[in-house]
Visitor: 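The structure is given below, and queries will be raised subsequently.
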Amino acid sequence: QLDGLPPLMESVAAHDPDDASSREWLLAHAAGEKHWEDAVKWGIAAIHIDVQNPKTHHLLGAAYLELQRPQRARRHLE
């Protein structure tokens, strides 16, 4: 059961400003649930910590596409 995991990961992210993995997990989870605004929020937070993670860029770009923001998506998908 994953019900308690998102709040736990949010707590980790809130308490550790340098933890990219919690933010990457939250990005992937939000994208999987099609919560695109949340995906963008966590993707941006993860990118600020680990700017070179290709999976994060891909998921963030996909979220921007779903939100009809192709210009922003392009930056992460190129």
Side-chain angles (χ1 to χ4, degrees):
Q1 187 78 230
L2 290 179
D3 289 347
L5 199 51
L8 175 64
M9 296 304 271
E10 287 179 17
S11 178
V12 170
H15 288 89
D16 187 348
D18 297 321
D19 182 60
S21 63
S22 61
R23 291 158 177 83
E24 291 162 2
W25 187 91
L26 287 160
L27 162 61
H29 179 72
E33 297 290 317
K34 298 186 183 339
H35 297 158
W36 303 117
E37 291 287 349
D38 288 338
V40 166
K41 175 180 87 171
W42 292 116
I44 290 170
I47 291 288
H48 282 282
I49 298 167
D50 182 6
V51 72
Q52 300 207 17
N53 187 318
K55 182 178 177 185
T56 301
H57 280 285
H58 176 77
L59 286 173
L60 180 54
Y64 276 130
L65 283 177
E66 291 292 337
L67 292 171
Q68 306 300 314
R69 298 182 197 162
Q71 297 288 51
R72 290 187 184 222
R74 185 176 301 131
R75 289 185 232 160
H76 300 284
L77 298 174
E78 290 181 339

Visitor: Can you find a pair of side-chain heavy atoms, one from Trp25 and one from Val12, that are under 4.5 Å apart?
Guide: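 Not touching, per the 4.5 Å side-chain cut-off.
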Visitor: Could you grab the distance from atom CD of Gln68 to atom CD of Glu66, nearest 0.5 Å is fine?
Guide: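 The CD atom of Gln68 sits 7.5 Å away from the CD atom of Glu66.
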Visitor: Provide the closest heavy-atom pair for Arg23 versus Pro17 in the form atom of the first, atom of the second, distance.
Guide: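 Minimum heavy-atom contact is NH2-CA, 3.7 Å.
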Visitor: Is there a path from Leu60 to Ile49 through hydrophobic residues (I, L, V, M, F, W, Y) whose side chains come within less than 4.5 Å of each other?
Guide: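 No, Leu60 and Ile49 fall in different hydrophobic clusters.
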Visitor: Examine distances only and state if a side-chain atom of His57 and a backbone atom of Arg75 form a donor-acceptor pair shorter than 3.5 Å.
Guide: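 Judged by distance alone, no pair lies under 3.5 Å.
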Visitor: What's the shortest heavy-atom distance between Ala63 and Val40, and which atoms?
Guide: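 Looking at all heavy atoms of both residues, the shortest contact is CB-CG2, 3.8 Å.
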Visitor: Would you compute the distance between atom CG of Leu26 and atom NE2 of His35 and round it to the nearest 0.5 angstrom?
Guide: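 So the gap between those two atoms works out to 12.5 Å.
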Visitor: Would Asp50 and Gln52 satisfy side chain to side chain contact (heavy atoms under 4.5 Å, CB included), going step by step from the backbone distance to the final call?
Guide: CA-CA 6 Å; Asp50 182 6; Gln52 300 207 17; 4.2 Å; yes
Visitor: Quick one: which of Asn53, Asp19, Leu59, Ile47 gives a side chain to side chain contact (heavy atoms under 4.5 Å, CB included) with Glu24?
Guide: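 Considering Asn53, Asp19, Leu59, Ile47, a side chain to side chain contact (heavy atoms under 4.5 Å, CB included) with Glu24 is found only for Asn53.
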Visitor: Grab the two heavy atoms, one from Ala30 and one from Ala39, that are nearest each other, plus how far apart they are.
Guide: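 Closest heavy-atom pair between Ala30 and Ala39: CB-N, 3.5 Å.
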Visitor: Hydrophobic clusters here meaning ILVMFWY residues chained together by side-chain heavy-atom distances under 4.5 Å, can you tell me if Trp42 and Leu67 are in one?
Guide: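 Unlinked, Trp42 and Leu67 end up in two clusters.
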Visitor: Just verifying a value: how many Å separate Leu27 CG and Ser21 OG, rounded to the nearest 0.5 Å?
Guide: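 With rounding to 0.5 Å, CG (Leu27) is 12.5 Å from OG (Ser21).
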Visitor: Provide the closest heavy-atom pair for Gly43 versus Thr56 in the form atom of the first, atom of the second, distance.
Guide: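 Heavy atoms of Gly43 and Thr56 come nearest at O-CG2, 4.0 Å.
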Visitor: Is there a side chain to side chain contact (heavy atoms under 4.5 Å, CB included) between Leu77 and His58 once you walk through the steps?
Guide: CA-CA 6 Å; Leu77 298 174; His58 176 77; 3.9 Å; yes
Visitor: Kindly give the heavy-atom pair with the smallest separation between His29 and Pro6, and that separation in Å.
Guide: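 It is NE2-CG, 3.4 Å.
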